[in-house]
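Quick note on labels: first sequence line is chain A, next is B, and so on, each numbered from 1.
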Number of protein chains: 2
Amino acid sequence: MKKTTIHEIAKALGIDSSTVSRALNDSERVKPRTKKRVLEKAQELGYTRNMLASNLRRNKSNTIGVIVPRISRYFFSSTIAGIEETAYKAGYSVIICQSREDVNRERKIISNLMANRVDGILMSVTMETKDSSHLTECFEKGMPLVFFDRHVEGMNQTGKVVIDDVKGGFEATEHLIKQGCRKIAHFTAPLDVEIYKNRHKGYCMALEKYSIHYDKNLVYISTLLKEDGYFLAEKIVNECDGVDGIFSANDFAAIGAMNFLKSIGKKIPEEIAIAGFSNEPTSAVIEPSLTTVDQSGTEIGRLACNLLLDYFKNGNTLVNNKTIMIQPKLIVRDSSQKKSNFKEMRLNIGFK
Amino acid sequence: MKKTTIHEIAKALGIDSSTVSRALNDSERVKPRTKKRVLEKAQELGYTRNMLASNLRRNKSNTIGVIVPRISRYFFSSTIAGIEETAYKAGYSVIICQSREDVNRERKIISNLMANRVDGILMSVTMETKDSSHLTECFEKGMPLVFFDRHVEGMNQTGKVVIDDVKGGFEATEHLIKQGCRKIAHFTAPLDVEIYKNRHKGYCMALEKYSIHYDKNLVYISTLLKEDGYFLAEKIVNECDGVDGIFSANDFAAIGAMNFLKSIGKKIPEEIAIAGFSNEPTSAVIEPSLTTVDQSGTEIGRLACNLLLDYFKNGNTLVNNKTIMIQPKLIVRDSSQKKSNFKEMRLNIGFK
DNA sequence: GAAAATAATACAATCGATTGTATTACATAT
DNA sequence: ATATGTAATACAATCGATTGTATTATTTTC
């Protein structure tokens with residue numbers, strides 16, 4: 001099944017293929033009447049421009065590469081949705097790849113995207129990405145790179161869209177303190193990942209503000225899966241007396257912890273108050289509903305994509321070291337409100 | 001920032017670019033020693049193959065286009081994850097597009113993917129896709145197409161991966177009946193969408209088996225959003241007495257309904273039992289946990305992608321009209337069990 | 001009506017890799 | 001040493017579109 005080319009259109013009309021090309025691109029170098037004839041013939045022959053050829057010639061693929069740890073995470077899939085929407089409007093396609101938290105895979109993906117000559121890359125790094133040689137290679141080779149959410153410290157040659165994790169962590173922790181918690185555990189992931197480092201920092205700042213002693217034994221590092229939360233909660237209950245609050249750096253671990261606590265009949269929030277991070281859809285649905293920090297994935301995706309598109313238009317200046325920081329929003333729900341508040345409860349049952 | 005080409009490698013080594021190309025492709029027409037020299041020089045010059053050029057020449061893009069209504073739906077994002085994983089292993093990239101339930105957008109996306117010369121398309125159609133001229137055009141132009149989940153009736157020229165929706169609908173409804181429900185409402189979407197038609201069919205079959213009168217006033221057609229479920233439940237309570245069960249064709253509407261019913265103090269499942277469809281993550285977390293029908297998105301994605309990959313390898317025979325039907329699995333949880341069963345509850349709280 | 005200016009189109013190179021065919025180099029056989 | 005065969009590489013066309021330059025039509029100007 002061979003496709004029609006501009007040459008066949010040209011031959012059919014007895015004109016040159018360059019004229020056909022210009023006509024199809026609506027160049028003012030072609031007489032309106034000729035344009036019309038070309039367009040009609042193209043239609044008639046079922047012509048579809050071969051973007052491979054076009055891209056090769058123009059040295060531009062009109063494609064953006066996106067790398068996330070896992071597509072099926074709600075936060076990331078909504079980020080992707082925001083990216084796709086923005087890219088689509090601007091006439092770009094998006095190639096989606098998942099690193100699955102594996103740096104080697106991340107490395108391969110990047111070289112693959114480079115080979116495919118994507119115009120730019122949007123990415124959220126894996127938890128293991130410390131050595132960033134494959135990333136520095138990107139802009140050494142002139143490939144624009146914008147981080148969103150998970151980024152790498154010290155990589156200032158690119159743009160970033162991040163949320164103010166310090167503030168998010170601070171507010172969640174402060175809220176727990178204000179609700180009366182005095183011994184607050186913190187679930188987090190390896191602290192060399194910027195976002196977890198910052199959420200942890202916010203946690204520390206809140207403790208300090210209220211003169212609560214920072215106890216490093218209360219900080220649990222894991223991969224923050226639901227299972228991790230479940231077993232860490234079990235550990236806390238068995239080994240660590242008097243914990244009256246948990247701030248988890250993501251919702252999954254928080255939900256896992258809630259599952260365990262509910263299974264042994266601990267009262268949430270009366271005995272242990274809980275706050276998560278990310279506002280996953282399940283957080284609104286679980287009972288008690290989970291207090292969390294909202295970070296709009298769709299919005300982050302849009303902003304990151306726009307940052308890249310700006311770069312395409314206006315060159316280096318805009319992206320270079322530009323950081324867009326989104327303000328997180330604490331969403332207070334039932335898992336943390338020791339003094340229950342009927343009105344607020346009603347509101348927070350509602351639709352997300 | 002210009003990239004190195006095979007010609008520069010060739011010049012540097014004083015050999016021809018065709019030899020370089022063959023060396024890079026590990027052809028046996030090149031002496032091992034020359035190969036080694038080429039590879040080293042390529043490394044030294046930081047060469048990355050330009051896939052645009054390669055693809056143009058080979059008339060193959062090693063790319064698969066994927067179209068889903070919405071990326072951020074868990075079912076679809078997990079499908080995409082399965083597709084990406086399978087494609088990646090086989091050396092393919094995936095371009096992801098969302099139709100947003102808009103046929104016109106779907107149409108544009110398809111022509112865009114064709115222009116980009118993707119090797120094949122995997123898609124789940126919009127709810128509005130009835131006229132399928134843009135789809136028939138696909139294989140008229142020789143573009144392999146495989147449907148997953150939402151497909152179009154009568155399009156037998158392509159492959160499909162679907163779940164047995166009739167069976168799923170039947171089992172969910174039968175389960176409700178066995179729990180004692182006698183007046184079961186059904187939430188669904190326009191019945192010209194195959195999957196909803198089939199779930200509805202399963203619903204009818206179950207009613208018939210147990211000699212329950214089919215009442216068309218109990219079948220509510222909407223877009224099946226959470227909001228739809230909420231308002232439909234309200235409608236039922238206000239206008240339609242004696243409904244003791246709801247089978248919703250997706251989990252969102254079921255959850256919306258539960259929210260309403262809980263807000264007015266209706267007991268689930270005692271007064272109204274509920275079953276959904278899809279096994280969204282929230283369905284396991286909501287209280288009472290939602291009985292639903294599982295359709296593994298990841299698995300569907302893998303199968304659909306493999307079907308396409310088979311086609312690439314073995315030609316037309318395999319895809320043509322090949323339908324892979326996945327068996328759905330009824331997951332019984334608390335929202336439907338009138339006689340509560342402690343063991344089963346424990347199991348179903350567990351990790352998804 | 002001829003010269004000048006401009007519009008419209010044709011020519012030809014190019015993007016970077018691939019691949020069928022031709023040529024050269026080298027080894028083996030006679 | 002010459003013929004024969006094969007291994008290794010070079011040549012050249014090609015994929016389909018784009019684009020700078022050259023050429024031909026057409027219009028404008030005097």
Going by side chain to side chain donor-acceptor pair (under 3.5 Å), name the residues that satisfy it together with B:Asn25, two or more places apart in sequence or in a different chain. B:Arg49
Using a 3.5 Å cut-off and no angle test, enumerate the donor-acceptor pairs between side-chain atoms of residues 30-38 of chain B and protein atoms at least two apart in sequence or in another chain.
from    : atom 1 : to      : atom 2 : distance (Å)
B:Lys35 : NZ     : B:Asp26 : OD1    : 3.0
B:Lys35 : NZ     : B:Ser27 : O      : 3.1
B:Lys36 : NZ     : B:Glu40 : OE2    : 3.4

Please work out if B:Val20 contacts a base, only the sugar-phosphate, or nothing of the nucleic acid, heavy-atom cut-off 4.0 Å. nothing
Contact class for B:Asn25 (heavy atom, under 4.0 Å): base, sugar-phosphate, or nothing? sugar-phosphate
What is the distance, rounded to the nearest whole Å, between atom [atom1] of [X] and atom [atom2] of [N]?
{"X": "B:Lys35", "N": "D:dA7", "atom1": "NZ", "atom2": "C1'", "value": "13 Å"}
{"X": "A:Glu28", "N": "C:dA7", "atom1": "CD", "atom2": "P", "value": "10 Å"}
{"X": "A:Asn62", "N": "D:dT18", "atom1": "CG", "atom2": "P", "value": "12 Å"}
{"X": "A:Lys31", "N": "D:dT26", "atom1": "NZ", "atom2": "C1'", "value": "9 Å"}
{"X": "A:Leu24", "N": "D:dT18", "atom1": "CG", "atom2": "P", "value": "8 Å"}

Overall bend - the helix from C:dG1-D:dC30 to C:dT30-D:dA1, comparing terminal axes fitted on five pairs, nearest 10 degrees: 50°
Is the shortest distance from a Lys or Arg side-chain nitrogen in B:Arg105 or A:Glu84 to a carboxylate oxygen in the other one below 4.0 Å? yes
Test side-chain contact (heavy atoms from CB on, under 4.5 Å) on B:Arg107 and B:Glu137; report intermediate values, then the result. CA-CA 10 Å; B:Arg107 197 171 277 129; B:Glu137 199 189 325; over 6 Å; no
List for me each residue that meets ring pair (Phe, Tyr, Trp, His ring centres under 6.0 Å) alongside A:Phe312, sequence neighbours excluded, and say none if there are none. A:Tyr92
What pairs with B:Tyr88 under ring pair (Phe, Tyr, Trp, His ring centres under 6.0 Å), at least two apart in sequence or on another chain? none
Tell me every residue that passes side-chain contact (heavy atoms from CB on, under 4.5 Å) with B:Ala12, counting only those two or more places apart in sequence or in another chain. B:Lys41
Under the side-chain contact (heavy atoms from CB on, under 4.5 Å) rule, collect the residues that match up with B:Asn112, sequence neighbours excluded. A:Ser93, B:Asn116
Look at the side chain of B:Ser21 and decide which nucleotide, out of C:dT19, C:dT9, D:dT18, has an atom nearest to it. C:dT19
Once ring-ring contact (aromatic ring centres under 6.0 Å, His included) is applied, what residue pairs with a partner in residues 4-62 of chain B remain, sequence neighbours excluded? none
When you check every protein heavy atom under 4.0 Å of nucleotides 10-16 of chain C, what one-letter string (B, S, -) results, 5' to 3'? BBBBBBB
